[in-house]
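As structure tokens, the structure follows; a few thoughts come after it.
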Amino acid sequence: MSYNHQEIEKKWQDKWEVEGLYKTDDNSDKPRYYCLDMFPYPSGAGLHVGHPEGYTATDIVSRYKRMKGFEVMHPMGWDAFGLPAENYAIKTGVAPEESIRKNIKTFRRQIKSLGLSYDWDREFATCDPKYYKWTQWFFLLLYKNDLAYKAKAKVNWCESCKTVLANEQVIEGKCERCQSDVIQKDLEQWFFKTTAYADRLLEGLDEIDFPEKLKSMQRNWIGRSEGATLEFSIKDTDETLEVFTTRPDTLFGATYMVLAPEHSLVDSLADKIENLDEVKSYIKTTLKKNEIERTDTTKEKTGVELKGLMATNPANGREIPIWIADYVLSGYGTGAIMAVPAHDERDYEFAKKFNLDIVEVISGGDIENEAYVGEGQIVNSGEFNDLDIEKAKVEITNHAKGELTVQYKLRDWLVSRQRYWGAPIPIIHCTSCGEVPVPEKDLPVKLPTDVDFKPTGESPLKSSEEFNKDVVCPKCGQSGEGVRREADTMDTFVCSSWYFYRYLDARNDQEFCSPDKIKKWMPVDLYVGGAEHAVGHLVYSRFFNKVLKDYTDYVDFEEPFTKLVNQGLILAEDGRKMSKSLGNVINPDEVVEEYGADTLRMYEMFMGPLEDQKPWDTKGIVGIKRFLDKVYVFVTQYTEDRKDQSFKEAHEKENDQVKIAIEKTVQKVTHDIEEMKFNTAISAMMEFINLVYKTKDEIEDPVIESEMQWIASSTVARLLIILSPFAPHLSEELWQKLGHQESVFKESWPEFDEALTVEEEVEVAVQINGKVRGKIMVKAGSAEEEVVKEAKQVENVQKHLEDKKIKKAIYVEGRLLSLVV
RNA sequence: GGGCGAGUGGCGGAACUGGUAUACGCGUUGGACUUAAAAUCCAAUUCCUAUUGUAUAGGAUUGAGGGUUCGAGUCCCUCCUCGCCCACCA
């Protein structure tokens, strides 16, 4: 028998909405809990089965916390700026504004069909001027505090998307979005100074509950290394060459230097280079290579010597040659290195190939055959011989008049984009005043509608009449030719770096959020989303929060997210990633229609641990559906039986097994929700229902005529409450059938009595020499001797004990008896 | 190359601080219901061996090998495989 999920689910969704059951009360004096999902980009494809996975997890936690007495903040919104909508506009001419509104409508309908308990009053889209006004405000906040700047720099450029990209958006040298090669271009661009927070971004990781994996990704990305900056003079010139090294202790072993092909020294000392043509042609070839070819570690090292130039090793005055090679990166350190072939694998390989000197300065290795990077004694280093390595680092740096410094891999965040569908950067360029920030009162700087979407490499805003008319310099009042707006827009990640504050006060047009609300709700208690945001969004948001803390009174805490969980990817049935081109995408709408939202929710939670990657199995869904049907039948039959009140008192003599089982089930489900182990919580409820059905068949009490009378009403109630976060519609329906007027979600989470879960008799396994030979039932709390005595009665145990002496007996209370013979 | 994680039935996966491995679900097989099929319900289901059989007994088993222990999926060592992330970061 199957219940009508379509009817039930629609009915309750409407009712919950009318009653405003999930509205969050800002003035509640209950303890608060902020439970956040990563808001989606509303793509044209609609919801994917990956979305309900994370959303159901947070919904279960939210509903659970509410019943536990918390006031829960559980909002949803739209990350609505971004390239897909703009690319769609280029293809079809449909304005991004229009297509994104449509997509949001679809997303909202789909999400609502899942019965998620969001407070929709707090919904917003980042493309709404009322929202991006504050994105622009954040830009100005950074700008005012010297954390936003425009600079000419080598930047990542995607020729196909016609825009620059942040480092985080370049994956293996390719554009994250379109997979085409990313090239380096010298361009004036806007940056946020994330590097100023490198150390605090690193330190903060210690105090937050993020997956270890994610933390190590962030640490890696920030890439802090301690070392020294050293200066090498260049013979017969005024120039010096600055390098960064993590091994200043090996300075005496530096036998040559290497510059990155982009290094400026080649230009400034061009007239001294004897083989300039050769050098130039080498530089030309390497610059033509793409990122992958250049950073391929398996290829043989290449390089060319700058003949005519010699550097001086500041430690010992030795003159050493200068080379140029593409194994040195221009973007890290100073773009130049001192090469210590004896103690660095890359330098060793290079030195071997080009026959350069290899001088051992740390003993303990075999530098005839390979570079030695381990610990050892300092040798060949004059007065510093025999110092320990850490000490030598400091003293040799001093000796060479260098400086101990720290380097990071993290780069400043490139935030400008030469595209239309983003928040305009609120800056005005004036011929007499230069760069002038738009005054706060003039925000938002609105996106125009009269644009040609075709990307040209310049922002479409540049040629918009609407955008550029009547621009006045806020500083000198000049207008006309000499004044123009910044035409670049911001990376969408700027919009998503602060959205979690906005939910708290989504309609505020005086501030991005009132400080009171931030004080009440932040930091976020639980944040659930995909792992793909490890080094992008999650670093940026942490950066924003720290900036707010340093320069405003809005926040007084370091970290915006207390706990973060990554939901694992749901793969297609064939074990591959779901993708449109493979035709293996599962549409949640169809699952909801056929099996119901409760079934979809529970199935996704039942598939396996939330964090794990796991394949979809359409056949597996029926297992959940069968379970919910069983619950439905059980409760409806129970309520039918109970209509005859005369049975009520006489037969509230619940079967002992069931009595114990419900305590255990409540305990297990409570514990598992706390740990976010939803799959095992569900199996515990399944086991309980299986037991009820089994017991029902066994009951042979002449007085009991109906099937379910023997179940205590409190047992049924508790089952429905613990099921309700998982299957809200069905639980609510059955709750009403039990005769309740109020929603099940207004109930308190049930307590459990641990004492009641203790069984009087326990099964104890009897092991002989580590092998289970029998099982006995003993009274709980029996003494060891008694259990041994009991065990000896078992035939099979006797057989194995024959003619043998028990050397040792170990009894584990209520579990097992281990006999050694 | 480096870092992190994981290998348990036909499949997804359980197993608390070392204590009865394979819970729960799918699938499969058999049965009930049905004119029949689907759906549903009931039962069996790690593998091997023995007994005609119910049932029982014995053995093996958590990627491979070794170790610690009365006892190891869990702890330690060596190795293999897979996944993810980073990748010439000086």
Side-chain angles (χ1 to χ4, degrees), chain A residues 1-2 171-172 211-217 219-221 223-225 227 243-247 250 254 258 260 294-299 301 325-329 331-340 343-347 349-350 407-410 531-532 534-535 568-569 573 575 603 606-609 611-624 626-627 629-630 633 668 671 675 677 679-687 689-690 693-694 697 763-775 796 799 807-821:
Chain A
M1 185 179 153
S2 192
I171 310 293
E172 287 181 358
E212 258 328 298
K213 193 174 153 172
L214 196 145
K215 285 191 187 182
S216 77
M217 276 167 76
R219 287 194 184 104
N220 230 299
W221 186 257
R224 181 192 153 100
S225 31
V243 300
F244 173 75
T245 176
T246 52
R247 295 297 302 274
T250 63
V258 189
R294 261 193 79 170
T295 58
D296 180 6
T297 49
T298 57
K299 72 159 198 230
K301 296 221 169 352
D326 67 358
Y327 82 90
V328 173
L329 307 173
Y332 184 76
T334 62
I337 62 156
M338 65 177 213
V340 185
H343 306 291
D344 181 280
E345 280 160 18
R346 298 151 300 180
D347 298 345
E349 189 194 331
F350 193 81
Q407 276 291 326
Y408 301 93
K409 283 196 240 178
L410 184 73
E532 67 273 18
V535 293
L569 202 63
E573 302 208 51
Y603 173 63
F606 185 63
M607 289 169 76
E611 309 80 17
D612 286 12
Q613 201 172 85
K614 47 217 172 256
W616 181 266
D617 177 17
T618 296
K619 277 188 298 207
I621 299 173
V622 303
I624 295 288
R626 283 175 191 154
F627 163 71
D629 283 337
K630 277 184 182 176
V633 168
K668 172 96 179 131
H671 175 260
E675 306 268 304
K677 288 158 87 177
N679 53 333
T680 48
I682 293 170
S683 32
M685 292 188 277
M686 286 174 165
E687 280 179 82
I689 280 292
N690 290 346
Y693 273 77
K694 217 177 128 204
D697 294 338
E763 191 183 60
V764 170
V766 182
Q767 284 188 350
I768 294 163
N769 287 350
K771 286 213 157 61
V772 179
R773 295 301 178 186
K775 288 167 189 180
N796 199 38
K799 208 167 87 193
K807 270 200 268 180
K808 199 172 175 185
I810 295 149
Y811 177 55
V812 183
E813 172 89 42
R815 283 192 175 270
L816 132 168
L817 175 71
S818 181
L819 300 173
V820 189
V821 296

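Below, read A as the first sequence line, B as the second, and so on, with proteins coming before strands; counting in each chain starts at 1.
Between A/Phe244 and A/Pro609, it is A/Pro609 whose nearest contact on RNA chain B lies nearer the 5' terminus. In terms of position along RNA chain B, the nucleotide closest to A/Ile621 lies nearer the 5' end than the nucleotide closest to the other residue of the pair A/Ile621 and A/Ala336.
At whole-Å resolution of the value, OH in A/Tyr603 and C1' in B/rC11 are 11 Å apart. The interatomic distance linking A/Leu817 (CG) with B/rG71 (P) rounds to 15 Å, in whole Å. Atom CG in A/Leu569 sits about 16 Å away from atom C1' in B/rG5, given to the nearest Å. Remark: P of B/rG1 and NZ of A/Lys301 are 14 Å apart, rounded to the nearest angstrom. What separates CG of A/Leu214 from P of B/rG5 is a distance of 14 Å, to the nearest Å.
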(request) Heavy atoms under 4.0 Å is the rule here; annotate nucleotides 15-23 of chain B 5' to 3' with B where the base is hit, S where only the sugar-phosphate is, and - elsewhere. (result) SB--BB--B
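Each salt bridge (charged side-chain N to carboxylate O under 4.0 Å, His left out) pair with one or both residues in residues 612-622 of chain A, not counting sequence neighbours, appears once here: A/Glu53-A/Lys614.
As judged by a 4.0 angstrom heavy-atom cut-off over every strand, A/Arg224 is placed among residues making no nucleic acid contact. When heavy atoms are screened at a 4.0 angstrom cut-off, A/Val535 is found touching no nucleic acid atom at all. Residue-level contact check: A/Asp347 touches neither bases nor backbone, having no heavy atom under 4.0 Å from any strand. When heavy atoms are screened at a 4.0 angstrom cut-off, A/Lys619 is found touching the sugar-phosphate backbone but no base atom. Contact annotation for A/Gln613: backbone-only contact, meaning every heavy-atom pair under 4.0 Å involves sugar-phosphate atoms and none involves a base.
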(message) As a check on the pairing definition, encode RNA chain B in dot-bracket form, counting Watson-Crick and G-U wobble pairs whose two distances are under 3.5 Å, and using | for partners outside this strand.
(response) (((((((..(((......[....)))((((((.......))))))(((((.....)))))..(((((..]....))))))))))))....
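Partners of A/Lys668 by salt bridge (charged side-chain N to carboxylate O under 4.0 Å, His left out), not counting sequence neighbours, listed by chain and number: A/Asp672. With sequence neighbours excluded, no residue satisfies salt bridge (charged side-chain N to carboxylate O under 4.0 Å, His left out) with A/Arg626. A/Ala260 pairs by the side-chain contact (heavy atoms from CB on, under 4.5 Å) definition with A/Glu262, A/Val328, A/Ser330, not counting sequence neighbours. Scored by the side-chain contact (heavy atoms from CB on, under 4.5 Å) test, A/Asp347 finds A/Tyr256, A/Tyr327, A/Ile337, A/Ala339, A/Pro341, A/Asp344 as partners (sequence neighbours excluded). Partners of A/Gln613 under the side-chain contact (heavy atoms from CB on, under 4.5 Å) rule, at least two apart in sequence or in another chain, are A/Leu569, A/Leu571. Annotation: salt bridge (charged side-chain N to carboxylate O under 4.0 Å, His left out) contacts of A/Arg247 (sequence neighbours excluded): A/Asp249.
To the nearest 0.5 Å, the span separating NZ on A/Lys301 from CG on A/Asp326 amounts to 8.5 Å. For the atom pair OH (A/Tyr603) and OG1 (A/Thr618), the distance works out to 7.0 Å, reported to the nearest 0.5 Å. For the atom pair OG1 of A/Thr680 and CD of A/Glu675, the computed distance is 9.0 Å after rounding to the nearest 0.5 Å.
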Give each protein N/O atom lying under 3.5 Å from an N/O atom of nucleotides 80-82 of chain B, with the pair distance.
none

Under 3.5 Å, which protein N or O atoms sit close to an N or O of nucleotides 60-62 of chain B? Give each pair with its distance.
none

Below 3.5 Å is the cut-off: list the nitrogen or oxygen pairs between protein and nucleotides 44-50 of chain B, distance only.
none

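Separating the P atom of B/rU49 from that of B/rU40 is a span of 35 Å, rounded to the nearest Å. To the nearest whole angstrom, the two P atoms, one in B/rC70 and one in B/rC16, are 23 Å apart.
An OP1 or OP2 oxygen of B/rU40 is reached within less than 4.0 angstrom by a side-chain nitrogen or oxygen of A/Arg626. Taking only side-chain nitrogens and oxygens, A/Arg773 never comes nearer than 4.0 Å to OP1 or OP2 of B/rU56.
In terms of polar N and O atoms assigned as donor or acceptor, the side chain of A/Lys213 never comes within less than 3.5 Å of the base of B/rC85 in a complementary pairing.
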